2 protein chains.
Amino acid sequence: MRKLDHVDRQILQILQVDGRIPYTEIAHQLGVSEGTIRSRITRLLQDGVFQFAIQPDPAKLGLKVQAIIGLTTKLGLQQNVAEELSKLSAVRFVGAFSGKHDLIIQACFHSNDELITFVNERLSQIEGIVAADVSLELKQYKDSFSIVHDDEVTLQ
Amino acid sequence: MRKLDHVDRQILQILQVDGRIPYTEIAHQLGVSEGTIRSRITRLLQDGVFQFAIQPDPAKLGLKVQAIIGLTTKLGLQQNVAEELSKLSAVRFVGAFSGKHDLIIQACFHSNDELITFVNERLSQIEGIVAADVSLELKQYKDSFSIVHDDEVTLQ
DNA sequence: AAGATTATTTCGAATTTCGCAAAAAATGGA
DNA sequence: TCCATTTTTTGCGAAATTCGAAATAATCTT
């Protein structure tokens with residue numbers, strides 16, 4: 001039962017802005033030694049609190065078509081469907097939900113054609129999908145992992 | 001009109017796995033010099049193809065409740081609503097969509113209580129929201145920015 | 001093919017990261 | 001409160017990485 005303290009959160013906030021800022025620079029900003037930053041980050045990584053990543057711009061990669069698709073699945077096959085979908089590289093997000101749809105996924109495509117093909121050929125091949133409700137993204141306003149707040153929290 | 005070539009894509013693929021891997025290591029893996037990796041990355045950053053970031057685990061930060069909320073907005077107020085929602089730190093994703101809902105958002109909360117409060121107090125205060133259709137996330141199967149494929153693409 | 005432009009390599013210097021031991025701080029009984 | 005134990009931080013020198021800039025190579029244009 002370890003807690004994230006203020007220093008941990010500050011480190012995460014700084015890294016959210018630039019995931020490759022030197023530890024020495026973080027240390028300077030927070031007024032502690034580089035070693036402290038290093039050991040904190042090592043621990044946060046070990047605890048799985050975060051990972052170093054990159055955030056690509058899908059449009060710049062040619063993935064100009066994004067969609068959120070709500071799926072209805074056959075009872076008992078939901079997990080299978082979710083796992084199959086997770087394997088697809090076009091699919092960026094897969095979750096099981098309460099509400100109108102059993103599964104909701106988010107996926108990126110090069111074109112509308114590719115989206116249609118995905119729905120007609122890929123989804124139809126997965127056993128257990130009863131219905132797919134496609135919402136086409138017209139404009140993106142926000143898409144961020146910047147979810148580190150300042151309140152303290154206990155790790156499970 | 002610049003293209004992402006195979007080297008660019010390989011760099012992105014490597015960085016997707018570990019956003020803090022040394023340039024020398026990438027260079028070694030790809031069989032080019034460190035300087036090339038450096039200049040490629042500098043250009044990719046300048047072109048906005050990607051950013052260095054971290055991917056926090058919401059649950060580890062105490063954000064155990066996630067939801068996708070489909071919103072119906074009053075005609076003409078959609079953009080305003082989207083911008084207001086984007087300001088909220090609990091909100092991670094905001095997009096305008098074709099389909100059943102005008103806007104779809106994704107948000108993280110510490111508790112169900114916080115979610116309810118968000119819907120009842122935060123959303124109701126934003127002018128132009130006609131209806132909110134909340135789907136509570138029961139299980140997350142995939143959530144990734146790993147969307148770099150291998151095909152070449154022209155930058156706009 | 002020559003010249004101009006752009007990209008890559010090379011390499012020494014500056015900076016950062018790493019490993020580790022000592023110091024300091026925090027924790028926990030008695 | 002005092003002392004023992006554990007955890008965290010600090011302070012280095014060594015190793016590795018990044019940076020800047022010039023030299024080389026590749027590409028493009030005419």
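For clarity, every value in this text was computed on a predicted model and none was experimentally measured. Protein chains get the first letters and strands the later ones, always in sequence-line order, with residue 1 at the start of each.
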Let me know which of A:I11, A:L12, A:T36, A:D8 forms a side chain to side chain contact (heavy atoms under 4.5 Å, CB included) with A:I41.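 Only one option passes, and that is A:I11.
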Below the 4.0 Å mark, does C:dA7 have OP1 or OP2 next to a side-chain nitrogen or oxygen of B:R43?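 For B:R43, the contact criterion (side-chain N or O under 4.0 Å from OP1 or OP2 of C:dA7) is met.
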Atom pair distance, as rounded to whole Å: [atom1] in [X] and [atom2] in [N]:
X	N	atom1	atom2	result
A:I41	D:dT9	CD1	C1'	15 Å
B:D18	D:dT17	CG	P	13 Å
B:I26	C:dT8	CD1	P	14 Å
A:L30	D:dT8	CG	P	17 Å
B:D8	C:dT8	CG	C1'	14 Å
A:D5	D:dT7	CG	P	16 Å

Is there a donor-acceptor pair under 3.5 Å between the side chain of B:K142 and the backbone N or O of A:L88?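 Indeed, once roles are kept as given, a pair shorter than 3.5 Å links the two residues.
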Is it the case that the side chain of B:E25 and the backbone of B:I21 share a donor-acceptor pair, with hydrogens and angles ignored and the cut-off at 3.5 Å?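 Checking the backbone N and O of B:I21 against the side chain of B:E25, no donor-acceptor pair under 3.5 Å is found.
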If the plane angle is over 60° it's perpendicular, under 30° parallel, otherwise tilted; pick one for A:F52 and A:F50.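 A:F52 vs A:F50 ring planes: perpendicular.
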Nucleotide by nucleotide, 5' to 3', does protein get under 4.0 Å of the base (B), only the sugar-phosphate (S), or neither (-) in nucleotides 9-26 of chain C, counting heavy atoms? BB-----SBBB-------
Tell me, please, which residues at least two apart from A:E84 pass side-chain hydrogen bond (donor to acceptor under 3.5 Å, both in side chains).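 By the side-chain hydrogen bond (donor to acceptor under 3.5 Å, both in side chains) rule, A:E84 matches A:K87.
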Answer whether the closest heavy-atom distance between the side chains of B:T42 and B:Q46 falls below 4.5 Å.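 The answer is yes, as the side chains (C-beta and beyond) meet within the 4.5 Å cut-off.
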